[in-house]
> 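Sharing a structure below in structure tokens format, with a few things to ask.
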Amino acid sequence: MTDDVRRDDDQGRSAHGLQPGAFRKAARRFAERAIPGGKSQRRRGRGEGAPPEPPGGARAGDGPEGPGRRSAAGRSSRRPASRRSSAGAALAAMLLGFFLAGLLSAGAIEKRVSGQPLGTGRTVALALLKPMVFLSNGLRFDRPTDVVDTALGRKERHHELVDVKPAAKWPRDVTRAKPLRLYIIGDSMAGVFGSSLVNVARKTGVVKTRLDYKVSSGLSRPDFYDWPQHIIDVLVEFNPDATVVLFGANDGQNVYHGGKVLTVGSHAWKQLYQRRVGRAMRLLTRGRRRVYWVGNPIMRDSGYRSLIAMMNAIYSAEARRHPGVVYVDTWALLARAGSYAEYLPDERGHPVLMRGEDGIHLSRAGGDRMARHVLSVAAGDWGIRAPKK
């Protein structure tokens, strides 16, 4: 039944399902049966103009459903006001809930917005958030979130690496009893690739993995996500033997440093990014740990492809400066004759989709291809027999 039909039906029928005329006739018959002679009797104390009241305590408006029930007319006359009141209260409660939720998470919202590329939109959003963040901090609304995060183990802990010489991680024999502890980190590109690497490494029987990627992160914007500090935390907690790294998808953007904005690709920008890559490599190679720094594959968009190629060159150059770091090139691995390709032939020559619709991310088949290539490099370094599939 459509809304129009329902509205017409509501107008033509009472709440009892009777036509208005039929309802009045039924009410009249009920009154004639209940009142002798069919006439209403006035009770003492009622005014001359008061409506008649049936005996037995029935109130005005009682109908065929029995005492205490209001008529359909009575209900319909009062319902709109009640509905408006209920709707207003619900809306007010909802708005209050949104406001309180915003105060409780104002700091987290500000952090997400600050991670956006530099520009007018980010500046305006931060300016609009500033009063809410100020109010949240003043009322200490961030306290409940901190308590919950700490209780659930999500509160970020800041460690410092102890200035001692840890036992060398490489070379050593890798066995089932003493598996290779492999740490996998990166941005969104490491999502599919990392999970593929976890699956392929598990088939060796001698590799224990930990996948740790964060969407929209990278090394360009430690103000959004501090990867060096996070790396220190994981080195203390997970104590990996080797790390596979895949960054760069979000790093090709302007950065604010030293009181000014550095344009991506400029000499100052390259120097800063090179220092940040070098710092990450130094942290990850402490204790003669091994690092397999994976270059990004070829990208579809020509401008974005140039940025990725520039950053891959920085990774490769820095890897040569840091003992224990191996640069793993994947550019040609997902290209056809040097050009971007969505589909590539598998081992049987059948075309398989390798990339996502955005021309950046990997399909599962693309992630598997990269994972097998990277694991073969690491397996040769540690004397592990890598699975063929």
Side-chain angles (χ1 to χ4, degrees), residues 117 184-200 211 213-221 227 243-254 263-266 269-270 273-274 276-277 280-281 291-320 325-378 380 386 389:
I184 308 163
I185 63 174
D187 51 34
S188 59
M189 285 293 291
V192 174
F193 161 72
S195 60
S196 291
L197 184 55
V198 169
N199 294 334
V200 175
L211 175 58
Y213 72 95
K214 184 171 181 61
V215 175
S216 301
S217 71
L219 300 177
S220 282
R221 299 289 302 278
W227 269 108
T243 304
V244 173
V245 184
L246 180 56
F247 283 123
N250 307 293
D251 283 343
Q253 59 175 288
N254 299 342
T263 303
V264 60
S266 65
W269 187 96
K270 289 180 181 179
Y273 192 67
Q274 185 174 345
R276 289 175 173 172
V277 170
M281 290 181 177
V291 174
Y292 306 97
W293 201 288
V294 183
N296 275 286
I298 187 172
M299 300 296 177
R300 182 172 60 196
D301 180 78
S302 59
Y304 186 57
R305 185 189 311 158
S306 298
L307 289 175
I308 293 297
M310 174 195 67
M311 288 181 283
N312 281 352
I314 292 176
Y315 305 147
S316 178
E318 279 300 297
R320 291 192 293 270
V325 180
V326 178
Y327 176 70
V328 184
D329 190 1
T330 66
W331 190 273
L333 185 69
L334 292 174
R336 181 189 292 121
S339 300
Y340 176 85
E342 287 187 356
Y343 288 84
L344 291 172
D346 60 12
E347 60 275 5
R348 288 176 288 187
H350 300 151
V352 178
L353 181 65
M354 295 289 170
R355 308 301 288 269
E357 294 181 357
D358 58 3
I360 298 173
H361 293 88
L362 304 168
S363 68
R364 176 54 62 193
D368 290 346
R369 175 173 289 207
M370 273 185 60
R372 287 193 296 267
H373 177 61
V374 172
L375 184 63
S376 67
V377 175
K389 293 183 180 181

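None of the values given here were measured: they were computed from a predicted structure.
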> Flag the pair Tyr327 / Asn312 as yes when at least one side-chain heavy-atom distance between them is below 4.5 Å, and no otherwise.
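Tyr327 vs Asn312: side chains touch.
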> Which atoms form the tightest heavy-atom contact between Leu219 and Tyr273, and what is the distance?
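For Leu219 versus Tyr273, the nearest heavy atoms are CB-CE1, 4.0 Å.
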> Is the shortest side-chain heavy-atom distance between Trp227 and Lys214 below 4.5 Å?
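Sidechains of Lys214 and Trp227: in contact.
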> Return the minimal non-hydrogen interatomic distance between Met189 and Ala249, and the atom names on each side.
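Result for this residue pair: CG-CB, 3.7 Å.
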> Has Tyr304 got more than 12 heavy atoms of other residues, nucleotides or ligands less than 6.0 Å from its OH?
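Counting neighbours around OH of Tyr304, more than 12 heavy atoms of other residues, nucleotides or ligands fall under 6.0 Å, so yes.
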> Would you please test Arg372 and Ser376 for side-chain hydrogen bond (donor to acceptor under 3.5 Å, both in side chains) and show each step?
CA-CA 6 Å; Arg372 287 193 296 267; Ser376 67; over 6 Å; no
> Within this structure, what is the CG-CD1 distance for the pair Asn296 and Ile360, rounded to the nearest 0.5 Å?
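The CD1 atom of Ile360 is 9.5 Å from CG of Asn296, to the nearest 0.5 Å.
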> Roughly how far, to the nearest 0.5 Å, is CD of Glu357 from CZ of Arg300?
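One gets 9.0 Å once the value is rounded to the nearest 0.5 Å.
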> For Ser196 and Arg369, what are the C-alpha separation, side-chain angles and deciding distance, and is it a side-chain hydrogen bond (donor to acceptor under 3.5 Å, both in side chains)?
CA-CA 9 Å; Ser196 291; Arg369 175 173 289 207; over 6 Å; no
> How close do Ala335 and Ile298 get, heavy atom to heavy atom, and via which atoms?
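Looking at all heavy atoms of both residues, the shortest contact is CB-CG2, 3.9 Å.
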> Passes side-chain contact (heavy atoms from CB on, under 4.5 Å), Val328 versus His373? Steps please.
CA-CA 9 Å; Val328 184; His373 177 61; 3.7 Å; yes
> Looking at every non-hydrogen atom in both residues, tell me the closest pair between Leu246 and Phe193 and how far apart they are.
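Scanning both residues completely, I find the closest heavy atoms to be CD2-CD2, 3.8 Å.
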> Measure across Ser195 and Arg364 and return the closest heavy-atom pair with its distance rounded to 0.1 Å.
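Where Ser195 meets Arg364 most closely, the heavy atoms are OG-NH1, 2.9 Å.
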> Could you pull out the closest heavy-atom pair between Ser188 and His361, with the gap in Å?
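So the two residues come closest at OG-NE2, 2.8 Å.
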> Side-chain contact, heavy-atom cut-off 4.5 Å: Gln253 with Val264?
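Sidechains of Val264 and Gln253: no contact.
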> Are the side chain of Asp187 and the backbone N or O of Gly248 linked by a donor-acceptor pair below 3.5 Å?
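Answer holds: yes.
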> Quick one: pull up OH in Tyr340 and CZ in Arg305 and give me the separation to the nearest 0.5 Å.
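Here the interatomic distance stands at 9.5 Å.
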> Using 0.5 Å steps for rounding, measure from the CG atom of Asp301 to the CG atom of Leu307.
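Separation between the atoms: 9.0 Å.
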> How far does CZ of Phe247 sit from OG of Ser220, to the nearest 0.5 angstrom?
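Those atoms lie 10.5 Å apart.
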> Report yes if some heavy atom in the side chain of Pro297 is under 4.5 Å from a heavy atom in the side chain of Arg355; otherwise report no.
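Answer yes - side chains close enough.
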